[in-house]
Structure formats: structure tokens, C-alpha cells
Amino acid sequence: EEYLAGGISIDWKFPAEDFEVVSSKDLVTWEVVHSAVGNLDSYTRITKCFSARYIEVRMTKADELNGDGAYAIWRIGIRFDSNLAHCKNVTVRSVINSTLFLPKSAHDGDPDTIWMPAQGARTATLVWDLQDDILVSGFEITWRYPPIAFTMEYLHPDEPNRSNYTFINQWGPHRLPGRAVDLFQEWRGGFPAPPN
């Protein structure tokens, strides 16, 4: 069966200086997910959108600093992607820079990248296309700079009025206690299941 990967991590005892991580759906055609030349790090973290049935790590040069010229791995983690927004199309109304702070940075799984709207924008919107009717059980947001308030809404794909969003929740200083916007925000409860 084919799965959408949520990330790969490698804990090296003796890191490979040159290596590739490749994926395949049929053991015949392989695609490069990640390649490294001159790697000396003892930890490799890969966050990239891809689906695969098979994943292979190809090591071609050992780190000479370990003294043995050998490869050694403590553990490899290959995670199924439980983030419904990861690798999906996202649209925004504004961005501060067309080459930096891209919308996909909001859900690429990389803590070093961020999305930012145009500076001084009074409002900003992110819209994810989940590509199917999916029951959503909640969400998590880590803000670099939290807004004063924000609202979460969803749109059913069969809704003829594309601006008729359904309200889920709102956070901000004028809402109930406990709903102020923190640097980390999460909500659990589930959106209503789409009708059959």
C-alpha cells in the first residue's frame, strides 16, 4: 500500500558523508527524496512531500572522522503524515515577500520556515484545499507573532456559495476566558462530518 510520508529522521552513530534517500512505489522506478554530500551531522531530518511504498537509504561515502570508515545508524524514523494540511494547496490574500515567507511554509513541517502576510496588513487569510471530504478532529498553530484575534471556519465542497463558510471557533481578547491567542494554539472537538 502507498502512504504519504510525514517525514524521515536518521540518528547516525557514524554518519554517511555522502548518501541518498530514495522512494519507490513499485521497486522499479526510484525518486530521490533527499541527497547529501559532505554530511558530518549525526542527525538528519527530512521534511518533504512525497508518497511511497518503499524507502531506501543509499550510503556511498563514510565519514572518515569515525576512524573505521564505517556507517552506523542508531535508528531511522519514517512517519505517516497525520497532518491533513501537509502537502496540500494553500492560498493566501497577501504575502510579505514573493520569494520568502511563502504560504507553504505554514505547513511544511520545517520549524525554521514561516509564512508572513504583507507588513501592516490588518487582516490575513490562509485557505487549505484538503482535496476531499475529511473529518477534521482539531488543529494546532504555532505563531511567530500571534494576532490579536483569529477565527477558524470551514467550507464544504458541495456548498454552492463559495463564500458561505461555517464558523468553528474564535480566539481573541474579547472572547471567553481561556481563548486569548497564545504562541501555541490548539483546538480539539472535530468539525461536523460532511453529509452523505
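Side chains included, hydrogens not; waters and symmetry mates left out as well; all remaining heavy atoms used. These numbers were taken from a predicted model, which means no experiment stands behind them.
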J.: To the nearest 0.5 Å, what is the distance between OG (S51) and CZ (R53)?
T.: 13.0 Å
J.: Report yes if the side chains of K88 and D129 come closer than 4.5 Å at any heavy-atom pair, otherwise no.
T.: no
J.: Under the criterion side-chain contact (heavy atoms from CB on, under 4.5 Å), I'd like the reasoning laid out for I168 against W187: C-alpha separation, chi angles, the key distance, then a yes or no.
T.: CA-CA 10 Å; I168 298 169; W187 181 78; 3.4 Å; yes
J.: Show which residues join L183 in its hydrophobic cluster (side-chain heavy-atom contacts under 4.5 Å, direct or indirect), or state none.
T.: none
J.: Please check if atom CD in Q119 has more than 12 non-hydrogen atoms from other residues, nucleotides or ligands closer than 6.0 Å.
T.: no
J.: Are H34 and I8 side-chain neighbours, meaning at least one heavy-atom pair lies under 4.5 Å?
T.: no
J.: Quick one: does F139's side chain get under 4.5 Å of N169's, heavy atoms only?
T.: no
J.: How long is the straight-line distance from CG of L102 back to CD1 of I96, given to the nearest 0.5 Å?
T.: 12.0 Å
J.: Output a table of donor-acceptor pairs, distance under 3.5 Å, between side-chain atoms of residues 141-148 and any protein atom two or more places apart or on a different chain; print 'none' if there are none.
T.:
none

J.: My understanding is that a hydrophobic cluster links ILVMFWY residues whose side chain heavy atoms are under 4.5 Å apart, including indirect links. Using that, what else belongs to the cluster containing L27?
T.: V22, W30, V32, Y54
J.: Could I get the full list of ring pair (Phe, Tyr, Trp, His ring centres under 6.0 Å) partners for F101, not counting sequence neighbours?
T.: none
J.: In the structure I gave you, are the side-chain heavy atoms of W171 and M152 within less than 4.5 Å of one another anywhere?
T.: yes
J.: State, to 0.1 Å, how close A106 and L126 come at their nearest heavy-atom pair, and which atoms those are.
T.: CB-CD1, 4.4 Å
J.: What residues form a salt bridge (charged side-chain N to carboxylate O under 4.0 Å, His left out) with E186, not counting sequence neighbours?
T.: R188
J.: Could you measure the distance from the CD1 atom of I10 to the CH2 atom of W74? Nearest 0.5 Å is fine.
T.: 15.5 Å
J.: Just so I know, are the side chains of F50 and E31 near enough to count as touching, which here means a heavy-atom distance under 4.5 Å?
T.: no
J.: Applying the side chain to side chain contact (heavy atoms under 4.5 Å, CB included) test to V21, which of V57, T44, I78 qualifies?
T.: V57
J.: Out of curiosity, S105 OG to M116 CE, how far, rounded to the nearest 0.5 Å?
T.: 11.5 Å
J.: Got a second to check how far T125's OG1 is from E153's CD, nearest 0.5 Å?
T.: 8.5 Å
J.: Start with the C-alpha gap between L40 and E17, add the side-chain angles, then the distance that decides, and say whether side-chain contact (heavy atoms from CB on, under 4.5 Å) holds.
T.: CA-CA 6 Å; L40 298 177; E17 193 167 319; 4.2 Å; yes
J.: Can you tell me how far the CD1 atom of I114 sits from the CG atom of L100, to the nearest 0.5 Å?
T.: 9.5 Å
J.: Using modelled atom types and a 3.5 Å cut-off, is there a donor and acceptor pairing between side-chain atoms of S42 and backbone atoms of W12?
T.: no
J.: Counting distance only, does the side-chain N/O of D18 pair as donor-acceptor with the main-chain N or O of N39 below 3.5 Å?
T.: no
J.: Which residues pass the salt bridge (charged side-chain N to carboxylate O under 4.0 Å, His left out) test with K13, sequence neighbours left out?
T.: none
J.: Taking the side chain as every heavy atom from C-beta outward, state whether L130 and V136 have any atom pair closer than 4.5 Å.
T.: yes
J.: Is the shortest heavy-atom distance from the side chain of F19 to the side chain of Y71 under 4.5 Å?
T.: no
J.: Might you point out which heavy atoms bring Y43 and D11 nearest each other, and give the distance in Å?
T.: CD1-OD1, 3.0 Å
J.: What pair of heavy atoms forms the shortest contact from H107 to A85, and how long is it?
T.: CD2-O, 3.4 Å
